[in-house]
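Comments concern the structure below.
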Amino acid sequence: MVRVLDRNNLIRALKQVQRNKGAAGVDSMTVDELLDFLKQHWSKIRQQLAEGTYQSKPVLRVEIPKPDGRKRKLGIPTALDRLIQQAIAQIMQEEWEVDFHNNSYGFRPRRNAHQAIGYVQDTIREGYNWVVDCDLEAFFDKVNHDLLMTQLKAHHKDDMLLRLINRYLKAGVCINGIKQASLKGVPQGAPLSPVLSNVVLNNLDWELEKRQLRFARYADDFMVFVKSETAGKRVMSSLQRFVGASLRLTVNTQKSAVGRPWECNFLGFTFSRRGLRDLDKWIRRRLRCYILKRWGSKGYRMLRRLGVDRFLAWNTAKSAHGVWRLSGSPALTRALPNRYFRNLGLPEMATR
DNA sequence: CAATCGTCTTA
RNA sequence: AUAUAAGACGAUUG
Ligand SMILES: Nc1ncnc2c1ncn2[C@H]1C[C@H](O)[C@@H](COP(=O)(O)OP(=O)(O)OP(=O)(O)O)O1
Ligand SMILES: [Mg+2]
């Protein structure tokens, strides 16, 4: 709590909230009104936070369309609550980093989707040719408060902080003017929610580790790797049981399946067994167009002299099991955009 | 090469 | 029309 209320931490949080220019919460205070409000009321709020008497406002319910046509229920905290939560999140995410599993890649500092994809490819290369692809149903909305608080208490000694987080969980939602209690879930739109969601699924990570399974997780989307279809089916059903019984969450059966890694999507990337010859021929074609346009026939002669591989300079990599990864310069990625890879069912290109 | 804005992607 | 993290691109100021 002391570290949360540290001056530097608070101004970093304030800058982040202001930079986002997000919409107002239930009190209809905008982010540029926040600074004036803080000048007047901050000393009082700071004292309430230190004493554990601060009462947060409920979140504002706003619905936005999801890509599949359904609605996503956002919970927008007030600008002030976003500031306080961001200040907590900055401290919490660094403290939890040491306890989080290495194969969890979502919502974490210094980790990205490419690292998750890289791990997936290494795993496939080792001969794990069956995959259990899982997504959770309405993940944030269904997070169990008691389980989350138990998890937080086990790792965090600060009673004031725990109390404040609990108040945020129980702050309620405001749906067109009418306040409702929040009995479960973390709000989609609160700065603290992503790190709390990782705390919940950290249990799942270590359970998979205990069962000595290879996996990669990105938020609520995870892949577990096995070497046969029967093993995959067995893992899928035991996972459903574990997620339901121990985490009080449900696996989204529409978005989950046991299959071949090269037939499924993970983080918008597709894997393919297509051979290098096809790939090389296709890249050659694209490159010719790009180089002729950019440097004319001089560039084209240079390509012929150096060859595609040397020209790419950032090399194409081949794997033992026919899974390909390409890397390219930013300029090349612009010439060969990822949607071409997607349309052809090839793995996308990672810039480096 | 330090900082600040703007667009976009993944969950 | 919110949040986090990473990344890409574009622009600007010294
Ligand atoms: N735009 C967003 N704003 C805030 N949080 C988000 C947003 N998109 C996704 N999230 C968070 C909350 C989600 O529970 C979590 C997983 O996303 P996603 O799997 O797409 O939806 P979901 O799990 O809520 O519903 P479902 O999977 O049943 O369609 O990521
Ligand atoms: Mg989901």
Given [options], the nucleotide with the shortest approach to the side chain of [X]:
X: P194(A); options: dA11(B), A1(C), U4(C); result: U4(C)
X: P191(A); options: A3(C), dA11(B), U2(C); result: A3(C)
X: Q16(A); options: U4(C), U2(C), A1(C); result: U4(C)
X: P109(A); options: A6(C), A3(C), A1(C); result: A6(C)
X: R19(A); options: dA11(B), U4(C), dC5(B); result: dC5(B)
X: N20(A); options: A5(C), A1(C), A3(C); result: A3(C)
X: A219(A); options: A1(C), A5(C), dA11(B); result: dA11(B)

Exercise for review: May I ask you to decide whether K184(A) forms a salt bridge with D141(A), counting only side-chain N to carboxylate O separations under 4.0 Å?
Suggested key: no
Spacing of [X] atom [atom1] relative to [N] atom [atom2], expressed in whole Å:
X: R12(A); N: dT4(B); atom1: CZ; atom2: P; value: 13 Å
X: D141(A); N: A3(C); atom1: CG; atom2: C1'; value: 13 Å
X: K21(A); N: A3(C); atom1: NZ; atom2: C1'; value: 16 Å
X: K66(A); N: dT10(B); atom1: NZ; atom2: P; value: 15 Å

Review point. How far apart are the closest heavy atoms of E137(A) and K142(A), and which atoms are they?
Key: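 The pair with the smallest heavy-atom distance is OE2-NZ, 3.2 Å.
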Practice item. Identify whether any heavy atom of K73(A) sits under 4.0 Å from a base atom; if not, whether one sits that close to sugar-phosphate; answer base, sugar-phosphate or nothing. Key: nothing
Review point. What nucleic acid atoms does G106(A) come within less than 4.0 Å of, heavy atoms only: base, sugar-phosphate, or nothing?
Key: nothing
Review point. Within 45° of the six-membered ring axis of F225(A) and under 6.0 Å from that ring's centre, is NZ or CZ of R214(A) located there?
Key: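 Judged by the rule (NZ or CZ under 6.0 Å from the ring centre, within 45° of its axis), R214(A) is not positioned above F225(A).
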Taking C-beta and beyond as the side chain, do [X] and [Y] meet within less than 4.5 Å on heavy atoms?
X: L14(A); Y: L35(A); value: yes
X: L164(A); Y: Y54(A); value: yes
X: S104(A); Y: N198(A); value: yes

Practice item. Mind running a 4.0 Å heavy-atom check of residues 81-103 of chain A against DNA chain B and sending the residues that fall below it, in number order? Key: none
Exercise for review: Among K255(A), Q240(A), M236(A), find the one that has a side-chain contact (heavy atoms from CB on, under 4.5 Å) with C134(A).
Suggested key: M236(A)
Practice item. Look at the side-chain N and O atoms of Q188(A) and state whether any lies under 4.0 Å from the OP1 or OP2 oxygen of dA11(B). Key: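 Answer is no, no contact under 4.0 Å.
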